[in-house]
Structures are given as C-alpha cells and as structure tokens.
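First comes the structure, then the notes that go with it.
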Amino acid sequence: MDNYQFKLDQFEGPLDLLLHLIKKSKINIEDIFVSEITEQYLAYMEELDELDMDRASDFLTMAATLVYIKSRTLVPKPVDDDELEEDPEQELIERLKAYKIFKEASQGMKTMEETARGRHFKLPQEYPFELDNFSIEGATVDKLYAAFNRIMQRVTEHEENPYRQIDFAPEVVSVRQRRQDILDMLKEKGTISFDMLFEGVASRLMMAVTFLALLELLHIGKIKATQKENTDVIIISRK
Amino acid sequence: MVEKNIENAIEAILFVAGEAMKISDIASALEESEVTVSSVADRMIEERKKNESGIEILRLGNKLQLSTNQAYEPYIKKLFMPDNTYTITNAAIETLSIIAYNQPITRGEIEKIRGVSCTYSLGALLAKGLISEAGKKETLGHPILYATTDEFLRHFGLSDLMELPKLAEQENE
Amino acid sequence: MVEKNIENAIEAILFVAGEAMKISDIASALEESEVTVSSVADRMIEERKKNESGIEILRLGNKLQLSTNQAYEPYIKKLFMPDNTYTITNAAIETLSIIAYNQPITRGEIEKIRGVSCTYSLGALLAKGLISEAGKKETLGHPILYATTDEFLRHFGLSDLMELPKLAEQENE
C-alpha cells in the first residue's frame with residue numbers, strides 16, 4: 001500500500017472506497033473477487049486509528065461481507081441449497097454497479113449546479129397595492145399585538161412544513177386506471193394536449209403506462225388525436 | 001457596453017432590488033455614465049408603455065423601480081386577493097408590529113418574516129411618520145435600519161416601548 | 001383575449017407572484033385554456049432567451065416563474081452582494097441524485113444504494129428545500145417517501161425532471 005494517509009472522510013461509504021480501489025487497480029467491477037481488492041480493503045481498515053464509530057461501522061460491515069465471500073471460495077459448496085440462496089458475490093457486484101451509476105450522475109449534477117448558479121428570484125409583492133389609502137385610525141396596541149402574534153403563528157406553521165411539495169402521481173398505476181384517468185380528464189376539460197398528459201409524470205414506468213393507455217384508447221376508438229402541423233401540439237379529444 | 005445590454009442589465013438589477021434604485025448606483029455598477037443610463041431608462045419606459053407590458057418601469061425622481069401595469073390589476077386581484085377582510089391596513093399593521101417588536105430592523109429582515117416584499121408598506125409607514133430610518137446595519141451592503149417614532153408612541157397611547165404588551169414566548173421566560 | 005394581452009397579463013401575474021405559479025391557475029384567472037397559456041408562455045420564454053432579456057421566464061414542470069438572466073450576475077453581485085450561491089456537499093449530492101432519478105423513494109432504499117446511513121444528508125437537503133416529504137410508502141412501517149421540489153429544479157437550472165441527463169445504464173438500453 002502506498003504511503004498515503006487514508007481518511008474515512010474522503011469516501012462516501014464502503015461502496016465508494018471499493019470503487020476507488022477498483023479504479024486504482026484498473027480492473028472491472030466483475031473481477032473484484034479474483035483480484036487483490038479484498039486484501040487492499042482490509043489493509044485500509046487496519047490503517048484506521050481513530051475510529052468514528054458511526055461512520056466506520058458501515059465500512060466494517062463491508063469488510064465482514066468481503067471476508068465472508070472470500071472464505072466461500074475456499075470451502076467446498078454444499079451441493080443442493082446453493083440455488084435457493086442469493087449469491088452474495090453477485091449481489092455486491094450489482095450494488096457496486098448501481099452505486100457507480102449514481103456516483104457518475106451526481107458528478108453530472110455538480111456541473112449542472114455550476115451552470116445554473118447566479119439566478120435570482122423575487123419575493124411575492126405585497127397585495128393589495130393601494131397603500132396610499134391606508135389608515136391606522138382606530139388601530140390600537142391590541143391590534144398591533146394581535147398582528148404580531150398572527151405573523152409568528154404563520155412563521156411557526158411555515159417552519160413546520162417549510163418545503164413546497166410537487167404533486168406526484170402515485171407510482172404504480174395500471175394501464176386500465178390510467179385509461180380511466182385520461183377519460184376523466186377529457187370529460188372535465190373537453191380537450192387536452194398530448195404534453196399535458198405527461199406533466200408531473202416523474203417515472204419512466206408511469207410514462208410508459210400513460211402512453212400505452214393512450215394507444216389503447218385510440219385503438220378502441222374512444223378518443224382521437226389531431227395535429228395541425230407536424231410540429232404543432234397534439235390535441236386529444238373524445239370521439 | 002452595447003445599449004441592448006445596458007437595458008437588459010437594468011431590468012435584471014431592478015428585478016432583484018425590489019425597491020427604487022438610484023440611477024447613479026446603477027450607472028456605477030454598469031460602469032456607464034448617469035446620462036447614458038438615464039436616457040436608456042427613458043427609452044425603456046417609453047417602449048414598455050407603448051407595448052402595454054405587464055411590468056413597467058417607474059421613474060421616481062432620480063430613482064427607477066419596477067411595477068406591474070395597472071391594466072392587468074383585475075387578473076391579479078382574482079389570483080392574489082387573499083379575502084375581503086385582509087385590507088391594506090392589515091398589511092401595514094403587520095409590518096409595523098414586526099418593527100415595533102424587533103427594532104431596529106432592516107427591510108430584508110422584515111421581508112424574511114412576512115415572506116412578501118414590504119416596499120409598499122414601509123413607504124406608507126414612513127410617509128405617515130410612524131417609523132423612521134435609524135442608521136445602517138453593520139453588515140454586507142449596509143442596509144437601512146428602521147425603528148418606530150415618537151409619533152408611533154403617541155398614536156398608540158404609549159409613553160414608552162416597554163409598555164408594548166409582552167409576547168407569549170417572552171412571558172414564559 | 002388577444003395574444004399580446006395574454007403575454008402582458010402573464011408577465012404581470014408572475015411579477016406579483018414572485019414564486020412559481022401553476023399554469024392552470026394563470027389560465028383560469030385569464031379565462032383562457034391551459035393549452036393556450038402554455039404555448040404563449042413557451043413563446044415568451046423563447047423570445048426572452050433570444051433577446052437576452054434581464055428577466056427570464058423559467059418553466060418548472062407545470063409552473064412558471066420569473067428569474068434574472070445569469071448573464072447579468074456580475075452587476076447584481078456588485079450592487080447587492082447577495083449570498084444565495086450555496087453549493088451542496090458530495091454526500092448530499094449523491095443522495096440527491098438517487099432521489100432525483102428514483103422518486104419518490106424511502107430513506108431505506110437510498111441507503112441500500114449508497115451503502116451508508118443518509119440521515120445527515122437527508123436533513124441537509126430538507127433544510128435547503130431541495131427535497132420534501134411526499135407521502136408514505138404502502139409497505140411495512142409506512143416509511144416516508146422523499147421527492148425533489150421546485151427549488152431543486154431551480155437550483156440545477158432544470159425546467160422539468162425529464163431534463164435530467166440519462167443514466168449510464170439507460171443509454172445502453
């Protein structure tokens with residue numbers, strides 16, 4: 001191991017450390033158990049002198065997993081029940097692959113954050129506007145006191161739930177349900193645009209379900225889709 | 001700087017400012033002369049009037065400020081009018097109560113509590129002499145501090161700020 | 001309503017609102033269809049981009065919001081020295097990217113992917129308003145689901161979650 005002061009803080013967790021070792025050894029994720037990675041990982045663990053137990057426990061659990069997997073290769077496997085048991089080796093490889101995807105995605109997000117920096121927004125305007133007409137005749141200390149308490153009340157409520165929420169469609173919806181949704185939307189609005197159907201739809205699954213529902217409805221002739229020009233919005237209406 | 005760029009920069013600056021900005025301050029930020037900024041502003045005001053833009057530029061003496069075009073007031077009323085009981089006076093009293101209990105305080109701090117821009121109600125309270133400027137805060141940008149006046153005490157029949165009713169949380173202390 | 005009037009009214013409404021406004025709410029105030037308002041908005045966005053306007057319109061999912069054009073940030077910094085340029089730590093951004101691509105998602109599911117406890121970074125992301133609770137999962141223990149917010153879209157300059165770059169695995173499909 002290099003003369004390299006290892007710090008736990010440099011890594012976002014055991015998977016991050018493993019990815020780092022894999023990258024340094026220039027091997028594929030699939031090859032970690034035929035390589036020296038386990039030994040390198042354990043060597044890192046031994047270097048830890050001051051353990052931040054909270055963080056280190058994740059790293060130590062992973063060390064145990066790695067040792068267990070390594071030991072399995074040394075002892076003969078029982079013949080039968082192998083099929084039923086989930087292969088911990090394969091599982092770890094899958095986890096590493098999944099983690100790697102998000103690690104890379106988060107690096108992409110850093111770049112996006114950088115480019116988006118420097119926008120400014122404004123507070124809502126005070127309304128009503130015509131403050132020239134305002135009069136505080138008759139305003140008493142009690143009224144002043146009540147106003148302040150009212151604001152404090154509002155601030156407290158705001159703090160309890162300070163996050164604006166995006167409305168999400170439920171994750172798992174059947175094509176049948178989605179078909180009904182589309183018909184309901186048409187009943188309410190008369191016509192809808194193709195894009196409106198996908199507004200606020202966050203998952204690919206949900207998009208696919210929506211699209212399938214649309215195709216089915218077109219197929220059975222319950223709805224029709226029209227478009228003036230090639231690039232124009234597609235309008236969906238009932239037949 | 002190209003004139004189009006000056007226009008756009010003025011627009012962005014006024015948007016962030018939220019209140020009236022001195023033409024001289026804008027000019028020095030853009031490293032342009034006051035005369036240039038002033039004449040560009042005049043053209044912008046003219047153009048927005050002609051186009052009946054939703055956002056207008058107002059010239060208040062040597063200052064500029066963004067404002068909505070009154071022509072669209074009916075739509076704004078429909079969307080934002082809280083309810084009939086919430087009057088202009090309520091907005092001003094809210095702002096005044098925050099100042100009374102937290103003076104001296106900056107516009108930014110008041111807005112943070114109320115969650116809305118307070119330029120209008122501060123202006124109205126200043127005009128009525130209920131609050132006044134009370135120096136500048138020793139932080140970045142040196143924002144103006146506001147405090148209540150003697151007129152405020154007179155109006156509310158107080159001889160001293162100590163006579164303001166205690167707040168619920170202070171009572172518990 | 002003439003299209004030019006719709007444009008101006010949208011502008012005025014967004015100015016008063018400050019925060020993101022639903023296209024559907026704007027449409028009902030203007031007594032126009034959502035489709036109309038949406039397409040007028042698209043044209044306004046386009047035009048402001050082309051003109052490098054100081055004030056831009058952002059589309060955040062099914063909402064619209066006014067924002068300054070980043071190009072004029074240097075002048076705004078000079079005048080106001082605003083302190084809104086926070087960045088996110090690596091741990092938090094990992095957690096955030098998992099949420100962004102898999103929302104709504106529980107803490108347990110995030111931790112399974114990251115392999116470490118995420119209590120800390122979830123707290124930081126909630127405090128910054130980049131994520132919010134989005135209901136509970138219909139499984140044992142009813143764990144809280146997390147999803148990204150409008151602030152998330154704004155912070156990363158996205159108008160829609162669909163604009164997130166594709167994941168490596170999806171490209172291979």
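Just so you know, these numbers come straight off a predicted model, no measurement behind them. Lettering of chains follows the sequences in order, A, B, ..., and the numbering in each one begins at 1.
- When heavy atoms are compared at a cutoff of 4.5 Å, B/Ser117 does not approach chain C at all.
- The neighbour count for B/Gln70 CD, taken as heavy atoms of other residues, nucleotides or ligands under 6.0 Å away, does not exceed 12.
- A donor-acceptor pair under 3.5 Å is absent between the side-chain atoms of C/Thr149 and the main chain of C/Ser132, judged by distance alone.
- Under 3.5 Å, the side chains of C/Gln65 and C/Arg154 contain a donor-acceptor pair of N or O atoms.
- Ion pair B/Glu19/B/Lys63 not flagged as a salt bridge, since none of the NZ, NE, NH1 or NH2 atoms sits closer than 4.0 Å to an Asp/Glu carboxylate oxygen.
- For the pair B/Lys4 and B/Glu7, the salt-bridge criterion is met [side-chain N within less than 4.0 Å of a carboxylate O].
- Between C/Glu31 and B/Lys78 there is a salt bridge, since at least one side-chain N of the basic residue sits less than 4.0 Å from a carboxylate O of the acidic one.
- One distance of note links OH of B/Tyr146 with OG1 of B/Thr106; it measures 9.0 Å at 0.5 Å rounding.
- At a heavy-atom separation below 4.5 angstrom, chain B is approached by C/Asn51, C/Glu52 within residues 40-52 of chain C.
- Your options are C/Ile10, C/Ile26, C/Leu14, C/Leu66, and the one with the most heavy-atom pairs under 4.5 Å with chain B is C/Leu66.
- Contacts between C/Asp25 and chain B at a heavy-atom distance below 4.5 Å involve backbone atoms as well as side-chain atoms.
- In this model, a donor atom of one side chain and an acceptor atom of the other lie less than 3.5 Å apart for C/Thr148 and C/Gln103.
- Your options are C/Asn69, C/Ile55, C/Thr68, and the one with the most heavy-atom pairs under 4.5 Å with chain B is C/Ile55.
- Neither the backbone nor the side chain of C/Ala71 comes within less than 4.5 Å of any heavy atom of chain B.
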